[in-house]
Amino acid sequence: MVPQAILSEQVVPDVPPSPATEPEPADLPAVLSAPVQEKPKSRFWQQLSRSRQSFTEGLGDLFLGKKALDAEILEEIETRLILADVGQTTTRALIQELERHISRKQINDADALFEKLRELMIARLQGVQRPRPPLRHRPHVILMCGINGAGKTTTIGKLAHWFQHSGQKVMLAAGDTFRAAAVEQLIAWGARNDIPVIGEPSRGDAASVLFDAVQAARARGTEVLIADTAGRLHTQGGLMDELKKLTRVLDKAEPGAPHEVLLVLDASIGQNALNQARQFHQTVGVTGLVVTKLDGTAKGGIVFAIADALQLPIEFIGVGEALDDLRPFDPVAYVDSLLDRETP
Ligand SMILES: Nc1nc2c(ncn2[C@@H]2O[C@H](COP(=O)(O)OP(=O)(O)OP(=O)(O)O)[C@@H](O)[C@H]2O)c(=O)[nH]1
Ligand SMILES: [Mg+2]
């Protein structure tokens with residue numbers, strides 16, 4: 001590529017030439033007449049900017065112009081991974097794999113090292129990538145759970161939009177009966193998506209709301225029913241039992257339901273997400289994860305720790321508060337956005 005500075009020197013002179021001397025565009029060599037434009041970065045790339053910074057700050061300089069491999073490079077990579085909250089275990093494993101490739105002379109320069117790091121990171125995430133489960137049941141019932149403020153209700157709003165966009169008829173169940181405001185919040189998401197919400201602010205029993213919602217979904221031929229639940233700490237035994245009870249009630253209302261239990265994890269809490277996930281999984285059998293708030297955090301590396309430690313499918317990631325800020329998890333796009341690379 002011709003550097004921008006050289007182009008501007010030749011195409012945009014300080015004093016504009018007179019029209020008589022200005023060459024027609026056709027006379028210019030193709031490379032000079034073409035407007036020089038950097039490919040616009042995707043919204044997703046921009047949303048991951050904080051995590052990307054934490055990954056690549058320093059790394060770029062280290063790789064730039066450096067051909068020989070030395071301990072300094074590996075140490076810097078290790079530091080970057082830890083800072084981005086990849087966690088000790090996964091970081092160690094990645095560094096050891098890089099060392100193995102270096103000692104076998106399979107990697108000989110910094111470029112190859114960077115490429116191998118990318119490959120290893122993608123492979124780890126691909127281990128928890130699954131195709132979306134088919135919608136074999138009508139209604140396909142999804143139960144959302146997670147600690148307070150993880151992003152459950154917001155994710156439901158975005159998920160409803162995603163299903164609708166793929167042509168499904170969706171209904172929501174306001175199973176967070178602890179707070180009247182929670183029901184109102186879900187009703188607002190329902191209105192935004194123009195879909196029905198079962199539940200009223202005054203109803204106090206989550207189990208009966210979910211039961212009624214399944215009946216209503218069946219009666220209306222709804223394809224996907226998404227149930228909200230109250231936030232609870234994984235350490236609150238009574239509330240965790242209540243969550244288990246909700247799964248039993250759903251099964252009674254529609255045998256086999258819930259067909260998915262999605263645990264919503266807030267990426268910005270870093271390593272604490274791991275313990276939460278283990279407890280929720282033990283109690284209700286989580287089928288998949290949604291990792292939220294990846295747009296506001298520098299801890300995007302937590303996704304690798306989650307993948308390694310839990311081996312649960314990461315179904316979606318949340319990268320903002322707008323309706324279309326939920327994305328099916330794509331390991332290649334994710335790693336390339338973190339490492340500041342363009343996905344081929
Ligand atoms: N930046 C960003 N904010 C998010 C994302 N997901 C949720 N939020 C915000 O996080 C806050 C909490 O979200 P909620 O959806 O209310 O969380 P919740 O898990 O339902 O909370 P409780 O019902 O209180 O347990 C809200 O301000 C959301 O807008 C995300 O992916 N990115
Ligand atoms: Mg909520």
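Computed from a predicted model, the values in this text were never measured in an experiment. Note that the numbering runs from 1 along the sequence shown for the chain. Atoms within a ligand are numbered from 1 in the order they appear, just like the ligands themselves.
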As a test of understanding, state which of D228, T247, I226 forms a side chain to side chain contact (heavy atoms under 4.5 Å, CB included) with L143.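 Exactly one option meets the side chain to side chain contact (heavy atoms under 4.5 Å, CB included) with L143, and it is T247.
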Run the numbers on Q282 and H234 for side chain to side chain donor-acceptor pair (under 3.5 Å), then give the verdict. CA-CA 10 Å; Q282 218 167 31; H234 50 297; over 6 Å; no
Would you check if the side chain of T154 reaches a backbone N or O of G151 as a donor-acceptor pair within less than 3.5 Å?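 Not at all, since once roles are kept as given, no pair shorter than 3.5 Å links the two residues.
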Determine yes or no for a side-chain-to-main-chain donor-acceptor pair under 3.5 angstrom, with D85 supplying the side chain and G300 the backbone.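 Pair absent, no side-chain N/O of D85 close to backbone of G300.
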Using a plain distance cutoff, I'd like to know if [X] has any nitrogen or oxygen under 3.5 Å from a nitrogen or oxygen of ligand 1.
X: R179; value: yes
X: T155; value: no
X: T292; value: no
X: T229; value: no
X: T153; value: yes
X: G151; value: yes

Compute the minimum heavy-atom distance from [X] to ligand 1 and say whether it is under 4.0 Å.
X: D176; result: yes
X: A150; result: yes
X: G149; result: yes
X: G146; result: no

Please report whether the ring centroid of F329 lies less than 6.0 Å from that of Y334.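 Close enough - the centres of the two rings lie under 6.0 Å apart.
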I'd like to know if the Mg ion (ligand 2) has an N/O/S atom from T153 within less than 2.8 Å of it, counting both backbone and side-chain atoms.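 Under 2.8 Å: T153 contacts the Mg ion (ligand 2) through an N, O or S atom.
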Just jot down the ligand 1 atoms closer than 4.0 angstrom to any heavy atom of [X], in number order.
X: V319; result: 31 (O)
X: G231; result: 25 (O)
X: D295; result: 1 (N), 2 (C), 30 (C), 31 (O), 32 (N)

Contact partition for K158 relative to ligand 1, non-hydrogen atoms under 4.0 Å: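 Side chain only.
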Ionic contact status for E242 with K245, cut-off 4.0 Å: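 The answer is no: the pair does not qualify as a salt bridge.
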Do the side chains of E75 and R80 get close enough for a salt bridge, i.e. N-O under 4.0 angstrom?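 Salt bridge: no.
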With a 3.5 Å cut-off and no angle check, do the side chains of H259 and E254 form a donor-acceptor pair?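 Not at all, the side chains of H259 and E254 share no donor-acceptor pair under 3.5 Å.
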